Each structure stands twice: as C-alpha cells, then as structure tokens.
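Keep in mind the model is a prediction, meaning the values are calculated, not measured. Just follow the structure's listing: the first ligand is 1, and inside any ligand the first atom is 1.
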Amino acid sequence: MENFTAYNPTKLHFGKGVTDILGETVNEYGKRVLLMYGKGSVQKNGIYDKVISQLKSIDAEIFEYSGIKPNPLVEDVSEAAQIGKLNNIDVIIAVGGGSVIDSAKITALAISNNTDPWAIMKYEAKPKSTIPLIAVLTLAATGTEMNGAAVLQNLETDEKIGYVSLLNYPKHSFLDPEFTFTVPKDYTAYGVVDLIAHALEAYFGEGEASLSDRFIEVIIKEAMEYGPMLLKDLKNYEYRANIMWAATTALNGMTNYGRKSGDWGVHDIGHNISYLYDTPHGATLSIAYPAWLRLQKDRIPERITKLGNQLFGTNSVDETISNLEEFFKSIDCPIKLSDINIGKDKKEEIVTQMLKNKINGMVHQFTDDDRKVIVDLMM
Ligand code: NZQ
Ligand code: ZN
C-alpha cells in the first residue's frame, strides 16, 4: 500500500427532504447568492421553485446564471464570474448535474482570485482562495458533489480538460434521490456507466491497495445490480438512492486510498470524443472502456482477468471485456462509435484530435501508435 492522506471537506446531506435546511445553510455564508443552473430541467421538475423558496426564507438577494450546457463551456464560466464579481456575491449555489456544479467550482475560483477561468483550468494561474459553493445535485453520475475536480471545454483551444484542487470541494452538497426522478432513461444509464468508469479508473491506477480494490468491486456490483432495475422503474426511490450514493462513493477518494493515482486514460479519450461530437460523457465511456481494455489486454492480462473474476466469475481477459461490453449494451449504452452514428469517415478527424491533444493515461501511457489503434478499436 502507498502512503496517503484521507481528507474530504464536503458536508454531504443525503435523503428525502434534505433541502429543507438549504436556506439556513446558505445563511451561514451570506445573503448575496449567485444561483447557477442548466438549460431548464430544474424549472420543469420543480426543483428551482424549492430552492427559491428556501432562499426567500432567509431574504437572500439572488443573482442568476442559467443556460450551462452539458459538456460545459468556459465562456459560460467567464460570464457567470462577471455577474458574481459585479454583485459582490457571498456564496454560489449550483443546482444541476456535473456540468453545472463543475462550472460553479471554476466560477467561484475565478471570482475569488479575479482570474481568467481558462488559466485556472490549465494550471497557469494559482488560485489561493475561493467563494463557498453549495451544490444541489440533480443527476447521479460524476461524483463532483464530493470531490475536487471540474471539467470544462474551450472551443478556442479544442480542449475538454479537468482541473483538480482542494479548493473545489463544495462546502455542502444536498443529495435528494427524488430530485433525480426526472432524469431521462438515457442519462440515467450514462450515469451508471460513468460511476463504473470512475471505479475502473482507480482499479487501473498505480499501487497495490487491497481494500480500495474491494470497495471498487462492490461499487461496480451495486451499479450492475441496481442500474438495470432502475432503468425499468425510473421513479423508484430505493434504486435512485442506491445509484446516487454509489456514484458519489465512486469518486470521492475512497477508491484511491493506498494508490499513487488512478489512470484516467479512458476519460481523456472520452473527453475528446465529447469535444468533437458533443456526445454525453457516459456514452463516450461505454465506447472507450472496451477499446482501452483491448489495447491493454496483452500488457496487463492478470489485472483485467482479476477484475472479470471479481465481477463476473470469469477467468480470462476476453471474457472480462465481453461481459463488460454486454452489460453496457444491456442498458442501451453505445459500445462503438457507429452506435452513435459516427462512421469510419470520421476516423481521420478523431485521430487528429487524439494526437493533437496527446491523450494519455497517468499510469498506462499511450504512444502515438496507441492513439491511432484506440480509434480503430472504437470504430
Ligand atoms: O441542462 P439541464 O436542463 O439541467 O439538463 C440536464 C442535461 O441536459 C439534464 N438533467 C440534469 N438533472 C436532471 C436533468 N434532466 C431531468 N431531470 C433532472 N433531475 O441532464 C443532462 C446532462 O446533465 P450534465 O450535468 O451534463 O450531466 P452529468 O452530471 O453527467 O455531468 C457531465 C459533465 O461532468 C463531467 C463530464 O465530463 C461532463 O462535462 N465530469 C465531471 C467530473 C467531476 N467533476 O468529478 C468527473 C467525470 O468523470 C466527468 O468528467
Ligand atoms: Zn466520468
């Protein structure tokens, strides 16, 4: 086991009705609130009204920034930060999925340090402080509600990249599984894939970490058991709750203790596919993971076989990969680019993007040849 520090500063409130204390929680940080959300789902499903009534109960002064898109853009963060600075806000409330919460994390840093958000994303600026962030999660997938990561894309530089900092952890996150009842079937499935992918990125990281490996195994089993049940019964509280908590635990540090790092090569592939075709994050991962495993199958056969043994009771690399692929298929997620209508005519474009951004894993590094092979394997 590697040395490690366990620290997670987010206070997480989980369960039915937890946002009943949102107002009083916000009040601890101030009354000038920047409320950030996406393209309108929170208005349709009533979550917006619940949040507003909590804020009114403390006479908060509310400034809004909405329209954050899935695969969020840095330009929205710049605009939100302008509004935050102009109005001297005390606290940010992010209501949404990963895209909104990630945007809010970088908005908070950009305001507090009076810095260009992309310079933060590129690790060129060195933020020293932040504005308190309170997250109200509406989609189970990314784990952003209890971690220090944020992912944004920039249409000028052709990048979708992540930035990790201790400053990014929300002060509080509110997770009411009922708030996810309206997530459509496809995005619910992408969330299941995303959480499995997070567990796998840790599994293929560096360092022997027995207990963390076991956490990974049970998190993936939880997702594989409750994911399909949830997809047949989208308003089932228990299934929503189980998947929501599994998604948080898949990326809140627990699967990585005792390791030097996760790998994250599959995510880098996925981010570049999302960048090119605006593909939902989880849908890129169900395509990229089987391809990545096929690329690695002669390099790390024992590790892949062990995974298959733990998850499916199988004893070979090929069976591990085909079982994982079958699972993704069974929840209607794409496993090839052709499943999302990206044909062979796009191969050159994708290879160029992968080479230009030098996609890589932290542990299993790619050569340029690998970058080409992985595209073939996704076709
Ligand atoms: O924009 P609105 O109208 O809110 O609609 C959203 C969006 O269209 C909708 N939605 C969210 N909650 C809903 C709902 N629809 C109905 N009912 C609800 N309760 O779902 C769509 C997708 O939302 P988004 O926030 O994009 O999804 P997700 O939570 O999967 O976030 C994806 C983003 O997070 C990044 C991804 O790369 C991607 O940009 N990630 C962030 C990570 C992190 N910070 O730790 C790690 C991940 O690996 C990932 O990279
Ligand atoms: Zn992910």
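Side-chain N/O atoms of E79 and Y65 include a donor and acceptor closer than 3.5 Å. Residues E159 and T157 have side chains that bring a donor and an acceptor to within less than 3.5 angstrom of each other. Residues Y277 and E349 bring a donor and an acceptor atom of their side chains to less than 3.5 Å of each other. No donor-acceptor contact under 3.5 angstrom links the side chains of H281 and N71, judged on distance only. A donor and an acceptor atom, one from each side chain of K297 and T320, are nowhere located under 3.5 Å apart. Side-chain atoms of N147 and N252 form no donor-acceptor pair, as typed in the model, at a separation below 3.5 Å.
Residue contact check for ligand 1: V42 places no non-hydrogen atom closer than 4.0 Å to it. Remark: distances from the non-hydrogen atoms of P72 to ligand 1 include one below 4.0 Å. G191 does not count as a contact of ligand 1, since none of its heavy atoms falls under 4.0 Å from the ligand.
Given atom 7 (C) of ligand 1, the protein heavy atom at minimum distance is P70 CG, 3.8 Å. For atom 41 (C) of ligand 1, the nearest protein heavy atom (residue, atom name, distance) is D102 OD2, 3.1 Å. Scanning all protein heavy atoms for the shortest distance to atom 50 (O) of ligand 1 gives H271 CE1, 3.2 Å. Given atom 12 (N) of ligand 1, the protein heavy atom at minimum distance is T138 OG1, 2.8 Å. Atom 25 (O) of ligand 1 has as its closest protein heavy atom S99 N, 3.0 Å. Counting only heavy atoms of the protein, atom 47 (C) of ligand 1 lies nearest to H198 NE2, 3.4 Å.
Residue G98 has at least one N or O atom closer than 3.5 Å to an N or O atom of ligand 1. Among the atoms of L251, none of the N or O lies under 3.5 angstrom from an N or O of ligand 1. Among the atoms of G38, none of the N or O lies under 3.5 angstrom from an N or O of ligand 1.
Ranked by closest heavy atom to atom 45 (O) of ligand 1, the top entry among T182, V100, L285, N147 is N147. Relative to atom 4 (O) of ligand 1, the option among G67, S41, A150 with the closest non-hydrogen atom is S41. Of the candidates Y190, Y187, Y275, it is Y187 that places a heavy atom closest to atom 21 (C) of ligand 1. With distances taken over non-hydrogen atoms, the option nearest atom 37 (O) of ligand 1 out of K69, Q43, Q153, K160 is K160. Atom 23 (O) of ligand 1 has its nearest heavy-atom neighbour, among T188, T284, L139, in L139. Considering K44, E145, H281, K39 only, the shortest heavy-atom separation from atom 49 (C) of ligand 1 involves H281.
The number of heavy-atom neighbours closer than 6.0 Å to NZ of K260, taken from other residues, nucleotides and ligands shown, is 12 or below. Within 6.0 Å of NZ on K347 lie no more than 12 heavy atoms contributed by other residues, nucleotides or ligands. Applying the 6.0 Å contact sphere to CE of M229 captures more than 12 heavy atoms from other residues, nucleotides or ligands. Environment of CD in Q365: crowded, with over 12 heavy atoms of neighbouring residues, nucleotides or ligands closer than 6.0 Å. Within 6.0 Å of the CD atom in E124, the count of heavy atoms belonging to other residues, nucleotides or ligands exceeds 12. The number of heavy atoms from other shown groups lying within 6.0 Å of CG (D345) is above 12. For CZ of R214, the number of neighbouring non-hydrogen atoms (other residues, nucleotides, ligands) closer than 6.0 Å is 12 at most.
Looking at every heavy atom in both residues, S286 comes nearest to A283 through OG-O, 3.3 Å.
Listed by number with element, the atoms of ligand 1 under 4.0 Å from a non-hydrogen atom of F179 are 19 (N). Interface of A149 with ligand 1, defined as ligand atoms under 4.0 Å from a residue heavy atom, comprises 43 (C), 44 (N), 45 (O). Annotation for ligand 1: atoms under 4.0 Å from non-hydrogen atoms of A141 are 30 (O). Set against the non-hydrogen atoms of H267, the atoms of ligand 1 under 4.0 Å away are 48 (O). Within ligand 1, the atoms closer than 4.0 Å to a non-hydrogen atom of T142 are 28 (P), 29 (O), 30 (O), 31 (O), 32 (C), 34 (O), 40 (N), 41 (C), 42 (C), 45 (O), 46 (C), numbered from 1 in the order shown. Within ligand 1, counting atoms from 1 as listed, the ones closer than 4.0 Å to a heavy atom of N45 are 17 (N), 18 (C), 19 (N).
Geometrically, R240 does not engage F181 in a cation-pi contact, judged by NZ or CZ lying under 6.0 Å from the ring centre and within 45° of the ring axis.
In this structure, L295 and F366 have side chains that are in contact, with non-hydrogen atoms separated by less than 4.5 Å.
Ring-centre distance between W264 and H271: not below the 6.0 Å cut-off.
Only protein atoms were considered; those of element N, O or S under 2.8 Å from the Zn ion (ligand 2) number 4.
Using cut-offs of 30° and 60° on the angle between ring planes, the pair H172 and H13 is parallel.
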